[in-house]
Amino acid sequence: MMPKPPAERKAAQRARAAAAGIHAVEIHLSDSELEMLRCNCALRRPGREPYSADEYLEMLLLQDNAALELQMAQLSKRRCGKCGDPLTITQCCHDGDSQCWVTRGWHETALKAS
């Protein structure tokens with residue numbers, strides 16, 4: 001039996017990943033961002049093999065998701081200052097009014113660079 005050509009092996013690998021619910025995402029990083037990623041992968045595992053970029057980004061996503069879930073739970077205890085609907089609302093007829101959470105609420109949930 002002849003070995004499969006590289007293209008067929010790669011296609012089979014992608015099919016296995018898709019069947020397992022794994023998806024590839026392409027990101028574009030500047031030179032300095034790529035260097036930060038490489039450096040952080042190593043600094044987060046001193047004395048050991050650095051994290052792969054995939055591992056590092058997966059963990060950042062999991063950490064952010066946990067923080068966001070907590071933030072959303074806290075927001076759900078509050079109400080819009082204009083209509084009184086529980087937060088977080090995504091549409092409101094008062095959008096644009098300074099008292100409406102929809103107008104500026106995204107500032108509370110947006111990612112912030114340190």
Side-chain angles (χ1 to χ4, degrees):
M1 184 168 152
M2 289 187 66
K4 290 182 182 179
E8 277 186 45
R9 285 196 311 274
K10 189 64 176 174
Q13 179 185 18
R14 282 193 295 271
R16 286 190 305 276
I22 306 295
H23 305 278
V25 176
E26 182 178 332
I27 63 170
H28 301 271
L29 301 174
S30 67
D31 289 341
S32 63
E33 292 166 336
L34 182 58
E35 183 55 32
M36 276 188 266
L37 177 61
R38 288 179 180 148
C39 184
N40 292 355
C41 285
L43 288 173
R44 293 287 185 178
R45 288 186 52 108
R48 294 185 170 54
E49 186 72 23
Y51 286 114
S52 70
D54 285 350
E55 290 173 312
Y56 183 79
L57 295 172
E58 287 166 10
M59 285 186 281
L60 286 178
L61 179 60
L62 291 171
Q63 287 177 356
D64 181 59
N65 189 67
L68 183 59
E69 283 181 0
L70 178 62
Q71 184 180 20
M72 295 305 244
Q74 292 169 343
L75 283 173
S76 72
K77 297 174 186 172
R78 294 175 34 206
R79 295 192 169 272
C80 176
K82 182 69 177 180
C83 67
D85 284 350
L87 303 183
T88 62
I89 50 178
T90 57
Q91 293 182 337
C92 182
C93 62
H94 301 290
D95 187 3
D97 186 295
S98 64
Q99 297 299 309
C100 177
W101 189 84
V102 173
T103 303
R104 302 202 40 102
W106 69 271
H107 290 278
E108 292 185 55
T109 58
L111 289 170
K112 294 163 187 72
S114 304

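- Within the 4.5 Å cutoff, the side chain of E108 has heavy atoms near those of the R78 side chain.
- For T103 (side chain) and S98 (main-chain N/O), no donor-acceptor pair under 3.5 Å exists by modelled atom type.
- Linking ILVMFWY side-chain heavy atoms closer than 4.5 Å, directly or via other members, places L60 and L68 in two distinct hydrophobic clusters.
- Using a 4.5 Å heavy-atom cutoff, the side chains of D85 and C92 are not in contact.
- Of the possible donor and acceptor atoms, one in the side chain of K112 sits under 3.5 Å from a partner among the backbone N and O of H107.
- Grouping the Ile, Leu, Val, Met, Phe, Trp and Tyr side chains by contacts below 4.5 angstrom, directly or via other members, places M59 with L37.
- Residue H23 comes nearest to G21 through the heavy atom pair CD2-O, 3.4 Å, listed as atom of the first residue, atom of the second, then distance.
- A chain of hydrophobic side-chain contacts below 4.5 Å, direct or via other Ile, Leu, Val, Met, Phe, Trp or Tyr residues, connects V25 to L34.
- Between M72 and T109, some side-chain heavy-atom pair lies under the 4.5 Å cut-off.
- Around the CZ atom of R9, the shell of radius 6.0 Å holds more than 12 heavy atoms that belong to other residues, nucleotides or ligands.
- Atom CD of E35 and atom OG of S30 lie 10.5 Å apart (nearest 0.5 Å).
- A donor-acceptor contact shorter than 3.5 Å links the side chain of E55 to the backbone of S52.
- Between G84 and R79, the closest heavy-atom pair is O-NH1, 2.8 Å.
- Atom CG of N65 has more than 12 neighbouring heavy atoms from other residues, nucleotides or ligands inside a 6.0 Å radius.
- Within the 4.5 Å cutoff, side-chain heavy atoms of I27 are placed close to those of L57.
- Within the 4.5 Å cutoff, side-chain heavy atoms of C80 are placed close to those of C100.
- Atom CZ of R104 is separated from atom CG of D97 by 12.5 Å, given to the nearest 0.5 angstrom.
- Atom-to-atom distance recorded for T90:OG1 and D95:CG is 10.0 Å, nearest 0.5 angstrom.
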